[in-house]
Amino acid sequence: MSNNNMRPQRWYEGIEQCQQCNEAYVLVTVVGAAGSTPRETGSKMVVTAGDCIDTIGGGHLEFDAIKRARALLAEGKPCTLLHSYPLSSSLGQCCGGAMKVLFDVCNVHQQHIAIFGAGHVAKALVPILAQLPLRISWIDNREAIFPENIPSNVTVIVEDEPESEVAHLDDNSWLIILTHDHQLDYRIAEKALSYPSLPFVGLIGSQTKAKRFVTKLQQRGFDTEALSRLHSPIGDTNIPGKRPIEVAVSIAAQIITRLHASVNELVEEAVGNAVERKVDSTSENHRVNTNVTNQLPAAANKDESVDTK
(Lines give C-alpha, C1' and ligand atoms only; values in the text may rest on other atoms or scores of the structure.)
Protein backbone atom coordinates (compact mmCIF):
# COMPACT_ATOMS: atom_id res chain seq x y z
CA MET A 1 0.00 0.00 0.00
CA SER A 2 2.97 2.27 -0.54
CA ASN A 3 1.71 3.76 -3.81
CA ASN A 4 -0.06 6.97 -2.72
CA ASN A 5 -1.76 7.36 -6.10
CA MET A 6 -3.49 4.02 -5.64
CA ARG A 7 -4.02 4.20 -1.88
CA PRO A 8 -7.52 3.01 -0.93
CA GLN A 9 -9.71 5.52 0.89
CA ARG A 10 -12.68 3.40 2.03
CA TRP A 11 -12.59 0.33 4.21
CA TYR A 12 -13.96 -1.98 1.49
CA GLU A 13 -11.24 -0.78 -0.91
CA GLY A 14 -8.70 -1.59 1.80
CA ILE A 15 -10.05 -5.13 2.16
CA GLU A 16 -9.92 -5.65 -1.60
CA GLN A 17 -6.30 -4.53 -1.78
CA CYS A 18 -5.26 -6.60 1.25
CA GLN A 19 -6.88 -9.68 -0.28
CA GLN A 20 -5.15 -9.08 -3.61
CA CYS A 21 -1.78 -8.66 -1.87
CA ASN A 22 -2.39 -11.46 0.65
CA GLU A 23 -1.69 -8.94 3.42
CA ALA A 24 -2.94 -9.54 6.95
CA TYR A 25 -5.41 -6.97 8.27
CA VAL A 26 -7.94 -6.25 11.00
CA LEU A 27 -11.45 -5.11 10.14
CA VAL A 28 -12.53 -2.76 12.96
CA THR A 29 -16.30 -2.24 13.19
CA VAL A 30 -18.48 -0.13 15.48
CA VAL A 31 -21.20 -2.61 16.47
CA GLY A 32 -22.84 -0.54 19.18
CA ALA A 33 -23.18 3.17 19.97
CA ALA A 34 -25.04 4.84 22.83
CA GLY A 35 -25.30 8.52 23.64
CA SER A 36 -23.02 11.05 21.96
CA THR A 37 -20.42 9.23 19.79
CA PRO A 38 -18.07 10.34 16.97
CA ARG A 39 -19.39 7.71 14.52
CA GLU A 40 -22.51 5.63 14.18
CA THR A 41 -23.01 1.87 14.40
CA GLY A 42 -21.68 0.15 11.26
CA SER A 43 -18.69 2.46 10.80
CA LYS A 44 -15.59 0.51 9.79
CA MET A 45 -11.88 0.87 9.23
CA VAL A 46 -9.11 -1.47 8.07
CA VAL A 47 -5.83 -1.67 9.97
CA THR A 48 -2.67 -3.32 8.61
CA ALA A 49 0.83 -3.46 10.06
CA GLY A 50 1.70 -0.19 8.35
CA ASP A 51 -1.50 1.56 7.30
CA CYS A 52 -5.06 2.50 8.27
CA ILE A 53 -7.93 2.94 5.83
CA ASP A 54 -11.13 4.86 6.69
CA THR A 55 -12.07 5.91 10.23
CA ILE A 56 -14.25 5.02 13.21
CA GLY A 57 -14.12 8.56 14.59
CA GLY A 58 -10.54 9.61 15.18
CA GLY A 59 -9.07 10.84 18.47
CA HIS A 60 -7.93 8.67 21.36
CA LEU A 61 -10.63 6.10 20.58
CA GLU A 62 -9.20 5.44 17.14
CA PHE A 63 -5.61 5.53 18.37
CA ASP A 64 -6.40 2.85 20.94
CA ALA A 65 -8.31 0.77 18.37
CA ILE A 66 -5.33 0.88 15.98
CA LYS A 67 -2.96 -0.11 18.79
CA ARG A 68 -5.19 -3.06 19.74
CA ALA A 69 -5.58 -4.14 16.11
CA ARG A 70 -1.81 -4.18 15.53
CA ALA A 71 -1.24 -6.12 18.75
CA LEU A 72 -3.68 -8.75 17.44
CA LEU A 73 -1.87 -8.83 14.09
CA ALA A 74 1.43 -9.40 15.88
CA GLU A 75 -0.01 -12.57 17.46
CA GLY A 76 -0.40 -13.97 13.94
CA LYS A 77 -3.62 -15.88 14.57
CA PRO A 78 -7.17 -15.35 13.23
CA CYS A 79 -9.50 -14.19 15.99
CA THR A 80 -12.49 -11.97 16.78
CA LEU A 81 -12.53 -9.64 19.79
CA LEU A 82 -15.24 -7.31 21.15
CA HIS A 83 -14.15 -4.30 23.22
CA SER A 84 -16.25 -1.66 25.00
CA TYR A 85 -15.16 1.98 25.04
CA PRO A 86 -16.69 4.49 27.49
CA LEU A 87 -16.04 7.86 25.85
CA SER A 88 -14.97 9.55 29.05
CA SER A 89 -11.95 11.39 30.41
CA SER A 90 -10.20 8.06 31.07
CA LEU A 91 -9.91 7.64 27.29
CA GLY A 92 -9.22 11.31 26.67
CA GLN A 93 -12.66 11.73 25.09
CA CYS A 94 -15.42 14.04 26.28
CA CYS A 95 -18.35 12.81 24.15
CA GLY A 96 -19.97 11.14 27.12
CA GLY A 97 -21.35 8.20 25.14
CA ALA A 98 -20.15 4.61 24.74
CA MET A 99 -19.18 2.38 21.82
CA LYS A 100 -18.68 -1.34 21.29
CA VAL A 101 -16.00 -2.13 18.71
CA LEU A 102 -15.45 -5.50 17.03
CA PHE A 103 -11.94 -6.51 15.92
CA ASP A 104 -11.85 -9.20 13.21
CA VAL A 105 -8.33 -10.43 12.33
CA CYS A 106 -8.18 -11.63 8.73
CA ASN A 107 -5.73 -13.16 6.28
CA VAL A 108 -3.07 -13.88 8.89
CA HIS A 109 -2.26 -17.51 8.19
CA GLN A 110 0.28 -17.12 5.41
CA GLN A 111 2.30 -20.24 4.82
CA HIS A 112 5.80 -19.64 3.48
CA ILE A 113 6.84 -21.60 0.40
CA ALA A 114 10.32 -21.59 -1.14
CA ILE A 115 10.33 -22.48 -4.84
CA PHE A 116 13.74 -23.43 -6.22
CA GLY A 117 14.03 -23.05 -9.98
CA ALA A 118 12.52 -20.58 -12.43
CA GLY A 119 11.97 -22.81 -15.44
CA HIS A 120 8.80 -23.57 -17.38
CA VAL A 121 6.98 -25.43 -14.59
CA ALA A 122 7.84 -22.78 -11.99
CA LYS A 123 6.67 -20.00 -14.31
CA ALA A 124 3.33 -21.78 -14.68
CA LEU A 125 3.10 -22.58 -10.96
CA VAL A 126 3.96 -19.26 -9.31
CA PRO A 127 0.99 -17.27 -10.73
CA ILE A 128 -1.36 -19.97 -9.42
CA LEU A 129 0.11 -20.16 -5.93
CA ALA A 130 0.39 -16.36 -5.70
CA GLN A 131 -3.42 -16.18 -5.62
CA LEU A 132 -3.44 -18.12 -2.35
CA PRO A 133 -2.68 -16.82 1.19
CA LEU A 134 1.02 -17.60 0.83
CA ARG A 135 4.40 -15.89 1.10
CA ILE A 136 6.59 -17.17 -1.70
CA SER A 137 10.36 -17.03 -2.12
CA TRP A 138 11.35 -17.77 -5.71
CA ILE A 139 15.00 -18.78 -5.95
CA ASP A 140 17.30 -19.36 -8.93
CA ASN A 141 20.87 -18.57 -9.96
CA ARG A 142 19.82 -17.15 -13.36
CA GLU A 143 18.44 -13.65 -12.94
CA ALA A 144 17.60 -13.19 -16.61
CA ILE A 145 14.99 -15.97 -16.73
CA PHE A 146 12.64 -14.49 -14.14
CA PRO A 147 9.54 -12.86 -15.69
CA GLU A 148 9.20 -9.11 -15.63
CA ASN A 149 5.95 -9.02 -13.67
CA ILE A 150 6.19 -10.62 -10.23
CA PRO A 151 3.14 -10.94 -7.89
CA SER A 152 3.30 -8.77 -4.79
CA ASN A 153 3.54 -11.72 -2.38
CA VAL A 154 6.49 -13.26 -4.26
CA THR A 155 10.11 -12.38 -3.44
CA VAL A 156 12.69 -13.15 -6.10
CA ILE A 157 16.08 -14.31 -4.80
CA VAL A 158 19.04 -14.61 -7.16
CA GLU A 159 21.72 -16.78 -5.56
CA ASP A 160 24.74 -18.41 -7.20
CA GLU A 161 24.39 -21.36 -4.82
CA PRO A 162 20.63 -21.77 -4.33
CA GLU A 163 21.05 -24.56 -1.77
CA SER A 164 22.59 -22.02 0.62
CA GLU A 165 19.17 -20.35 0.94
CA VAL A 166 17.79 -23.38 2.79
CA ALA A 167 19.61 -22.31 5.96
CA HIS A 168 17.77 -18.97 5.90
CA LEU A 169 14.23 -20.37 5.63
CA ASP A 170 11.74 -19.87 8.44
CA ASP A 171 10.67 -22.90 10.47
CA ASN A 172 7.72 -24.72 8.89
CA SER A 173 8.55 -23.43 5.40
CA TRP A 174 7.60 -25.75 2.56
CA LEU A 175 10.03 -26.38 -0.30
CA ILE A 176 9.25 -27.03 -3.96
CA ILE A 177 12.36 -28.07 -5.90
CA LEU A 178 12.05 -27.55 -9.66
CA THR A 179 15.55 -26.70 -10.87
CA HIS A 180 17.14 -27.53 -14.24
CA ASP A 181 19.99 -29.50 -12.63
CA HIS A 182 19.56 -32.91 -10.95
CA GLN A 183 22.72 -32.43 -8.88
CA LEU A 184 21.43 -29.09 -7.64
CA ASP A 185 18.07 -30.72 -6.87
CA TYR A 186 19.89 -33.28 -4.75
CA ARG A 187 21.96 -30.71 -2.87
CA ILE A 188 18.85 -28.68 -2.03
CA ALA A 189 16.91 -31.77 -0.93
CA GLU A 190 19.78 -33.07 1.21
CA LYS A 191 20.23 -29.69 2.87
CA ALA A 192 16.49 -29.34 3.54
CA LEU A 193 16.12 -32.82 5.03
CA SER A 194 18.87 -32.00 7.51
CA TYR A 195 16.48 -29.47 9.10
CA PRO A 196 13.63 -31.24 10.99
CA SER A 197 11.83 -27.86 11.12
CA LEU A 198 11.13 -28.08 7.36
CA PRO A 199 8.18 -30.49 7.13
CA PHE A 200 7.60 -30.61 3.37
CA VAL A 201 10.30 -31.06 0.73
CA GLY A 202 8.67 -31.52 -2.67
CA LEU A 203 10.85 -32.64 -5.56
CA ILE A 204 9.97 -32.79 -9.25
CA GLY A 205 11.02 -35.81 -11.26
CA SER A 206 10.29 -39.42 -12.11
CA GLN A 207 9.89 -42.39 -9.79
CA THR A 208 13.35 -43.53 -10.90
CA LYS A 209 14.90 -40.20 -9.89
CA ALA A 210 13.08 -40.35 -6.55
CA LYS A 211 14.35 -43.87 -5.81
CA ARG A 212 17.90 -42.89 -6.75
CA PHE A 213 17.78 -39.88 -4.46
CA VAL A 214 16.32 -41.91 -1.55
CA THR A 215 19.04 -44.55 -1.91
CA LYS A 216 21.76 -41.91 -1.86
CA LEU A 217 20.19 -40.16 1.12
CA GLN A 218 19.96 -43.43 3.03
CA GLN A 219 23.65 -44.00 2.36
CA ARG A 220 24.30 -40.53 3.81
CA GLY A 221 22.57 -41.56 7.04
CA PHE A 222 19.08 -40.08 6.66
CA ASP A 223 16.54 -42.15 8.60
CA THR A 224 12.92 -43.03 7.83
CA GLU A 225 11.56 -40.00 9.69
CA ALA A 226 13.68 -37.59 7.66
CA LEU A 227 12.87 -39.31 4.37
CA SER A 228 9.14 -39.15 5.16
CA ARG A 229 9.39 -35.37 4.61
CA LEU A 230 10.55 -35.91 1.02
CA HIS A 231 7.62 -35.89 -1.42
CA SER A 232 8.77 -37.07 -4.82
CA PRO A 233 7.44 -37.03 -7.43
CA ILE A 234 5.71 -33.89 -6.17
CA GLY A 235 2.11 -33.28 -7.19
CA ASP A 236 -1.35 -34.82 -7.11
CA THR A 237 -1.09 -38.15 -8.96
CA ASN A 238 -4.78 -37.95 -9.90
CA ILE A 239 -3.97 -35.12 -12.32
CA PRO A 240 -2.39 -36.48 -15.51
CA GLY A 241 -0.16 -34.80 -18.07
CA LYS A 242 3.44 -33.68 -18.50
CA ARG A 243 2.99 -30.19 -19.94
CA PRO A 244 4.32 -27.44 -17.64
CA ILE A 245 0.82 -26.15 -16.86
CA GLU A 246 -0.43 -29.69 -16.13
CA VAL A 247 2.46 -30.36 -13.78
CA ALA A 248 1.93 -26.93 -12.20
CA VAL A 249 -1.77 -27.62 -11.59
CA SER A 250 -0.87 -30.99 -10.08
CA ILE A 251 1.60 -29.37 -7.67
CA ALA A 252 -0.86 -26.59 -6.83
CA ALA A 253 -3.52 -29.20 -6.00
CA GLN A 254 -1.19 -30.89 -3.53
CA ILE A 255 -0.28 -27.57 -1.93
CA ILE A 256 -3.94 -26.54 -1.62
CA THR A 257 -4.72 -29.87 0.07
CA ARG A 258 -1.91 -29.29 2.56
CA LEU A 259 -3.05 -25.72 3.20
CA HIS A 260 -6.55 -26.83 4.10
CA ALA A 261 -5.17 -29.59 6.33
CA SER A 262 -3.03 -26.97 8.11
CA VAL A 263 -6.02 -24.66 8.63
CA ASN A 264 -8.03 -27.57 10.06
CA GLU A 265 -5.17 -28.31 12.46
CA LEU A 266 -5.22 -24.66 13.60
CA VAL A 267 -8.98 -24.84 14.18
CA GLU A 268 -8.64 -28.09 16.14
CA GLU A 269 -5.85 -26.55 18.22
CA ALA A 270 -7.99 -23.48 18.94
CA VAL A 271 -10.99 -25.63 19.94
CA GLY A 272 -8.73 -27.80 22.11
CA ASN A 273 -7.32 -24.74 23.85
CA ALA A 274 -10.83 -23.38 24.44
CA VAL A 275 -11.98 -26.69 25.95
CA GLU A 276 -8.83 -26.83 28.10
CA ARG A 277 -9.48 -23.30 29.37
CA LYS A 278 -13.09 -24.24 30.18
CA VAL A 279 -11.98 -27.38 32.04
CA ASP A 280 -9.37 -25.38 33.97
CA SER A 281 -12.01 -22.78 34.83
CA THR A 282 -14.44 -25.48 36.01
CA SER A 283 -11.72 -27.12 38.08
CA GLU A 284 -10.79 -23.77 39.62
CA ASN A 285 -14.44 -23.08 40.47
CA HIS A 286 -14.66 -26.53 42.06
CA ARG A 287 -11.54 -25.84 44.12
CA VAL A 288 -12.93 -22.48 45.24
CA ASN A 289 -16.27 -24.00 46.21
CA THR A 290 -14.52 -26.82 48.09
CA ASN A 291 -12.32 -24.37 49.93
CA VAL A 292 -15.31 -22.26 50.92
CA THR A 293 -17.20 -25.33 52.14
CA ASN A 294 -14.21 -26.52 54.16
CA GLN A 295 -14.01 -23.12 55.84
CA LEU A 296 -17.67 -23.20 57.03
CA PRO A 297 -18.47 -24.22 60.60
CA ALA A 298 -19.28 -27.91 61.06
CA ALA A 299 -22.95 -27.20 61.82
CA ALA A 300 -23.32 -25.25 58.60
CA ASN A 301 -21.77 -28.08 56.64
CA LYS A 302 -24.17 -30.53 58.26
CA ASP A 303 -27.24 -28.40 57.55
CA GLU A 304 -26.24 -27.98 53.91
CA SER A 305 -25.76 -31.73 53.58
CA VAL A 306 -29.23 -32.36 54.94
CA ASP A 307 -30.78 -29.80 52.62
CA THR A 308 -29.22 -31.36 49.55
CA LYS A 309 -30.39 -34.89 50.17
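Going from atom CD1 of I136 over to atom CD1 of I115 covers 5.0 Å, rounded to the nearest 0.5 Å. One finds the CD1 atom of I139 at 10.0 Å from the CD1 atom of I177 (value rounded to the nearest 0.5 Å). Rounding to the nearest 0.5 angstrom, the gap separating the CG atom in D104 from the CG atom in L72 is 10.0 Å. If you take CG on L175 and CZ on F200, they are separated by 9.0 Å, rounding to the nearest 0.5 Å.
Applying the ring pair (Phe, Tyr, Trp, His ring centres under 6.0 Å) test to F146 and every residue at least two apart in sequence or in another chain returns W138. Remark: H182 pairs with no residue by the ring pair (Phe, Tyr, Trp, His ring centres under 6.0 Å) rule, at least two apart or across chains. Residues passing the ring pair (Phe, Tyr, Trp, His ring centres under 6.0 Å) test with Y186 are F213, sequence neighbours excluded. Under the side chain to side chain contact (heavy atoms under 4.5 Å, CB included) criterion, K67 pairs with no residue at all, not counting sequence neighbours. In this structure, the side chain to side chain contact (heavy atoms under 4.5 Å, CB included) partners of E161, at least two apart in sequence or on a different chain, are E159, E163, S164. For R212, the side-chain hydrogen bond (donor to acceptor under 3.5 Å, both in side chains) criterion is met by no residue, not counting sequence neighbours. For the side chain to side chain contact (heavy atoms under 4.5 Å, CB included) test, residues two or more places apart in sequence or in another chain that qualify with E13 are P8, Q9, R10.
Residues L81 and Y85 share a single hydrophobic cluster, defined by chaining ILVMFWY side chains whose heavy atoms lie under 4.5 Å apart.
When atom types are taken as modelled, the side chain of Q19 and the backbone of I15 share no donor-acceptor pair closer than 3.5 angstrom.
Summarising the hydrophobic clusters (Ile, Leu, Val, Met, Phe, Trp, Tyr; side-chain heavy atoms under 4.5 Å, direct or chained), the residues clustered with L102 are V31, L82.
Listed by first and then second residue, the ring pair (Phe, Tyr, Trp, His ring centres under 6.0 Å) pairs involving residues 10-47 amount to none (not counting sequence neighbours). Pairs passing the salt bridge (Lys or Arg N to Asp or Glu O under 4.0 Å) check and including a residue from residues 170-180, sequence neighbours excluded, read R135-D170.
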Below 3.5 Å, can you tabulate the donor-acceptor pairs from side chains in residues 116-134 to any protein atom, sequence neighbours excluded?
{"from": "K123", "atom 1": "NZ", "to": "I145", "atom 2": "O", "distance (Å)": "2.9"}
{"from": "Q131", "atom 1": "NE2", "to": "P127", "atom 2": "O", "distance (Å)": "3.1"}

Sequence neighbours left out, cut at 3.5 Å: what donor-acceptor pairs do the side chains of residues 228-236 make with other protein atoms?
{"from": "S228", "atom 1": "OG", "to": "E225", "atom 2": "O", "distance (Å)": "2.5"}
{"from": "R229", "atom 1": "NH1", "to": "Y195", "atom 2": "O", "distance (Å)": "2.9"}
{"from": "R229", "atom 1": "NH1", "to": "L198", "atom 2": "O", "distance (Å)": "2.8"}
{"from": "R229", "atom 1": "NH2", "to": "L193", "atom 2": "O", "distance (Å)": "2.7"}
{"from": "S232", "atom 1": "OG", "to": "L203", "atom 2": "O", "distance (Å)": "3.2"}
{"from": "D236", "atom 1": "OD1", "to": "N238", "atom 2": "N", "distance (Å)": "2.8"}
{"from": "D236", "atom 1": "OD1", "to": "N238", "atom 2": "ND2", "distance (Å)": "3.3"}

